[in-house]
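To keep things clear, I will list the structure first and then write my remarks on it.
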Number of protein chains: 4
Amino acid sequence: MLEVRERIIRSAIKLFARKGFFETTVEDIARGARVAKGTIYLYFKDKPSIYTTIIERHLQESIQSLREIEMQKISHREKVVEIIKRGIKIWLKFKNAHPMFSIENINFAKKLMRGIKPLFMKYHAEIIERIAEIVKAGIRTGEFKNVNPAVAAVYIINIIRTAILLPQINPDLKNYEQDIEKIFLEGLIRR
Amino acid sequence: MLEVRERIIRSAIKLFARKGFFETTVEDIARGARVAKGTIYLYFKDKPSIYTTIIERHLQESIQSLREIEMQKISHREKVVEIIKRGIKIWLKFKNAHPMFSIENINFAKKLMRGIKPLFMKYHAEIIERIAEIVKAGIRTGEFKNVNPAVAAVYIINIIRTAILLPQINPDLKNYEQDIEKIFLEGLIRR
Amino acid sequence: MLEVRERIIRSAIKLFARKGFFETTVEDIARGARVAKGTIYLYFKDKPSIYTTIIERHLQESIQSLREIEMQKISHREKVVEIIKRGIKIWLKFKNAHPMFSIENINFAKKLMRGIKPLFMKYHAEIIERIAEIVKAGIRTGEFKNVNPAVAAVYIINIIRTAILLPQINPDLKNYEQDIEKIFLEGLIRR
Amino acid sequence: MLEVRERIIRSAIKLFARKGFFETTVEDIARGARVAKGTIYLYFKDKPSIYTTIIERHLQESIQSLREIEMQKISHREKVVEIIKRGIKIWLKFKNAHPMFSIENINFAKKLMRGIKPLFMKYHAEIIERIAEIVKAGIRTGEFKNVNPAVAAVYIINIIRTAILLPQINPDLKNYEQDIEKIFLEGLIRR
DNA sequence: GATGAATGAGAATTCATTCAT
DNA sequence: TATGAATGAATTCTCATTCAT
């Protein structure tokens, strides 16, 4: 049997993803973790802090993934492609509950989420920063066009988002990753 | 003074965008519209239906915008650029509350959104369809690369989203639209 | 077209009988009377006073009916039977909404009905009184057993109630009036 | 101190009888039971279900009482008298709130009662049935007149009602039970 | 007289959080 | 540590009544 704290987190991830933060009750989480309601409060200060913990974990995972990519001996183009691939993998785990690349959700519930924003912003800024660094390097080596690296970084995060949303919106689509990558790297315009 | 119904809608748009659906109370909306709580219920069946009405309005506006672009006598490239420009304008108004712009919210509050989903999906499908048609035409004329038009359509919607998020994440950035457009149309890779 | 006031009363009678006092809204009554909601308040002080008016009308009708029976040249036994017959007829019109022989309803809604109680009690006392007078006379002439006339009067009102409830409880029953009258006049015990 | 659930039920019985269902608030009940408002909802799904529970309890008590009477080794006449005596005792506790005792209430609040009606009808039918059986047996043995037993059963229930109402209407009356019993068993007519 | 839009007090219900055991 | 019964603030929604037109 897992640690109580871990059981709570896993139960919460499952429920937040399925029903959302507001429509998941602390009781639901407790039931899923097979502990009593009160026990939750021995491990977490309040409901939002469960959410915060989950987000933080995923953001850290994302940053760890970026660090690994940075150190690989591959072209910057390949690095960018790798960021997208691994980003999809990590974020897919957390799917819809993840406010990561859905920054709006942070505003979606001001009061409750107030505590999440600074945390999120800190990590988010680092993620953008690290991706921007790779883009900047790619520009220096002449691999990439001369664009604002920060803009490109946000753009890349949205590419990940596009890849995750696409099958939700259009489940029949196959091999869309190739098209996304193509448009992203080479542009929509034919020459 | 505006019509009561219109005042309620505008108050709700402002509040949903600022605080989100759950943390906006009916009383808040009433206060913002300068009517009594009960008055809301003369114009709307319940709280979710205010939300639905707002969403529908924005989706219809989006579709109307697409129709106008379709009829313009400009290149497909210019049409796509125009879609993005006008999309930004429309969605900016509704910012954070807009579930299209932030499809994750649909899962962020499953039960609430259940009623909205069919409505949303209907319009969303039409929007994707119309954008895809333009892309398809552009491919035929040789303006665009040969990619799956549906993939490109979702991609374009996410470009709009990127453009809206960027200044929120990094308020110092200037002229980022140009870079976004450049990456989108010509790709990140230099040649 | 009837007078407005009369239209309101008839609409209310119909609705109170069908849905009860609490679940009939003033708006319902107005719609049924084909007047605007506000118009009701030109004719009645408030919602309970519509109810009061209806009750008063029926109680007066009951008393009028008793007065007529008193003057008839028939035996006391026949008078009592007549009271029951005409009581059934009058009360049936108002059926379930009638708190008359459902004195509990007066307590069923203390606050709202507070105004009804004195009115009701006044008439009710008179009705009991008049019936008791007839019973007393019957005892004097030797037609009836020597029982407390007031007890007999309430008993008689409950006979009316029994006759009205029976078909509601058991719709298949036929000719039950005869059995009720028999038990009432001659008793259940065989001799 | 009683169990919480029991305290809630007793508080509700007292209040429903005094003020009626509609004018008793959940807060009232909670205060009377000395628990918080929310606690009510740990024991009952909603307000009507408190009512239902109370009704069911009293109906079951009535049936249990009938079963006991059935088994007694006394004449049918004595059984019938016993039914009335014990009926008075049981129903007095629940007085005004009891819809059996006051079947009109069923229509006094149609929507509310819709959920109660099937429950009520089930028990009510059994009560009538059991009383009717006793009457039928009394007719067979020659104790009772040859009347429809179902009619007599409803008649008996109304006798109970008469006995409960009488002191409410006329508080000065003494020994009225004897007169009621006399009229019921031997009839009003003198011979 | 007549209207019906607007009001707002009041009710039922939910659920995060506490705390005695 | 763990429990889960109890709490009560907060929210949605209803509807009798008012009042400007």
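Just so we're on the same page: letters track the sequence lines, and every chain starts at 1. The structure displayed is predicted, hence computed values, not measured ones. Values below: all heavy atoms of this structure, side chains included; hydrogens, waters and symmetry mates excluded.
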[X] [atom1] - [N] [atom2] separation (whole Å):
X	N	atom1	atom2	answer
E6(D)	dA5(F)	CD	C1'	18 Å
D46(C)	dA16(F)	CG	C1'	9 Å
I50(B)	dT11(F)	CD1	C1'	13 Å
I8(D)	dT7(F)	CD1	C1'	13 Å
R5(A)	dA2(F)	CZ	C1'	17 Å
I29(B)	dC13(F)	CD1	P	10 Å
R31(C)	dT3(E)	CZ	P	14 Å
F44(D)	dA5(F)	CZ	C1'	15 Å

Nearest listed nucleotide, side chain of [X], among [options]:
X	options	result
V35(C)	dT3(E), dA6(F), dT1(F)	dT3(E)
V26(C)	dT7(E), dA16(F), dA16(E)	dA16(F)
L42(A)	dT17(E), dA2(F), dT12(F)	dA2(F)
A36(C)	dG4(E), dA16(E), dA2(E)	dG4(E)

Give a yes/no on whether any side-chain N or O of Y41(D) is located under 4.0 angstrom from OP1 or OP2 of dT14(E). no

Presence of T25(D) side-chain N/O under 4.0 Å of dA11(E) phosphate oxygens OP1/OP2: no

Is there a side-chain contact between I9(B) and R5(B) (heavy atoms, below 4.5 Å)? yes

Are side-chain heavy atoms of H58(B) and I13(B) found at a separation under 4.5 Å? yes

Can you name the closest pair of heavy atoms from [X] and [Y] and give their distance?
X	Y	answer
A12(C)	I50(C)	CB-CG2, 3.6 Å
L2(A)	R7(A)	O-NH1, 3.2 Å
F44(D)	S49(D)	CB-OG, 3.6 Å
E56(B)	Y123(B)	OE2-OH, 2.6 Å
I29(C)	S11(C)	O-OG, 2.9 Å

With nearest nucleotides of DNA chain E determined for Y43(B) and E27(A) from heavy-atom distances, which residue corresponds to the more 5′ nucleotide? Y43(B)

For G38(A) and for I40(C), find the nucleotide of DNA chain E with the closest heavy atom, then tell me which residue's nucleotide is more 5'. I40(C)

Ring-face cation of K47(C) near Y41(C) (centre distance under 6.0 Å, axis angle within 45°): no

What about K37(C), does its side chain sit under 3.5 Å from the base of dT3(E) through a donor-acceptor pair? no

With a non-hydrogen cut-off below 4.0 angstrom, is T24(B) in contact with a base, only sugar-phosphate, or nothing? sugar-phosphate

Dot-bracket notation for DNA chain F is requested: 5' to 3', Watson-Crick or G-U wobble pairs only, both distances under 3.5 Å, with ( ), [ ], | and . as defined. .||||||||||||||||||||

